[in-house]
Amino acid sequence: MDTTLNMAANKPTLASRLMANPVVRIVLGLVLTFAAVPLTMIVASQLVAKPYRVAWPQLLAAVFVWFGYRFYVRRIEKRQPAELATPGMAREMGMGLLLGAGLVVSSFAVLAVLGAYRFDGVNPLSLKMLLPLAELVLVGLVEEMMFRGVIFGVVERSLGSKAAIVISASLFSLSHLPNEGISVLAIASLAAYGVLQAVLYMKTRRLWICIGTHIAWNYCVGTVFSSTVSGHAASDGLLRGQLVGDAMLTGGVFGVEGSLIVVLLIAGAAAFCLRRAFAGKA
């Protein structure tokens, strides 16, 4: 009788069984991480006139996203968010920024050699060129925390690193399906980028290099090269130029991320990192 009572007492509750379910953990993680973004934007739009909603709503939302993700890790994952520890942050962010910028410059350089990008000049430097950083910091934080921190992390603990890379990269690319001009090449490019980011996270167990790469890629494409980013048209940036010719090279409406050249460059970088990551596990 005592044994029966002990077994009943030790039986997991419904709540504990739900919290142990990987899908439930992922959903909770995504909600807790992302929910602050629309809420902040809605409140800001109701309380402050549009001319005064410049940069600060995005930065405020980024702060809430930071706390939302940390709350998820501590309360749901029951661990410390070591992936966001600040020691070493500057160096890792710097490495990510250099990697992201390098990929973009390499892409446009190859396109220029092939005649698919025509450089027309340089615009005067302006403080306005810094304004997009507020939104890009928010996007970098949100997407890396969601796809690498939450999805990759939960799947890896459940199914292993290889499955986590495939699933997180696939979901990352598919999340861009609603974007204007989406194409097969764009999906392939985003999937390759998702693999690259997942491997960087797997190797470092830190999000900073991934966040840096993400910010630099979007900023350089949109504000340095004044080009379309994932179907979102960019305003005039530092460099004046245009993508011309076959959509297979230019990416068409989606932008340079839908270019075959970008697919090959990012896939090459991802393959290199994958080989190094699993070299010692063979």
Query raised in the report: Taking it one step at a time, do W217 and E257 satisfy side chain to side chain donor-acceptor pair (under 3.5 Å)?
Result: CA-CA 10 Å; W217 175 272; E257 290 160 318; 2.7 Å; yes
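- Side-chain contact between L32 and Y69 is absent, with no heavy-atom pair separated by less than 4.5 Å.
- A salt bridge links R157 with E77; the closest basic N to acidic carboxylate O contact falls under 4.0 Å.
- Here F152 and Y201 bring their ring centres to under 6.0 angstrom of each other.
- You'll find the side chain of V137 reaches within 4.5 Å of the side chain of I215, heavy atoms only.
- Both V43 and Y52 belong to a common hydrophobic cluster when Ile, Leu, Val, Met, Phe, Trp and Tyr are linked at side-chain heavy-atom distances under 4.5 angstrom.
- The backbone N or O of M89 sits nowhere less than 3.5 Å from a side-chain atom of T86 that would complete a donor-acceptor pair.
- Listed for the D120 side chain is no donor-acceptor partner under 3.5 Å among the backbone atoms of R240.
- V229 and L177 fall within a single hydrophobic cluster, where Ile, Leu, Val, Met, Phe, Trp and Tyr are joined by side-chain heavy atoms under 4.5 Å apart, directly or via other members.
- Of the possible polar contacts, none joining the T223 side chain to the C220 backbone as a donor-acceptor pair under 3.5 Å is found.
- Side chain of D246 to backbone of L249: no donor-acceptor contact under 3.5 angstrom is found.
- The hydrophobic clustering, which links ILVMFWY residues whose side-chain heavy atoms are closer than 4.5 Å, places I76 and I151 together.
- The main-chain N or O of L103 is never found under 3.5 Å from a side-chain atom of S106 such that the two would form a donor-acceptor pair.
- Side-chain N or O atoms of S173 include one that pairs as donor or acceptor with a backbone N or O of S170 at under 3.5 Å.
- Between R205 and E156, at least one side-chain N (NZ, or NE/NH1/NH2) sits under 4.0 Å from a carboxylate O, which counts as a salt bridge.
- Test I209, I211, T213 against E144 for side chain to side chain contact (heavy atoms under 4.5 Å, CB included) and you get one pass: I211.
- At a threshold of 4.5 Å between side-chain heavy atoms, the hydrophobic network of Ile, Leu, Val, Met, Phe, Trp and Tyr places V37 and F64 in two separate groups.
- Salt bridge E92/R206: present, at least one basic N to carboxylate O contact under 4.0 Å.
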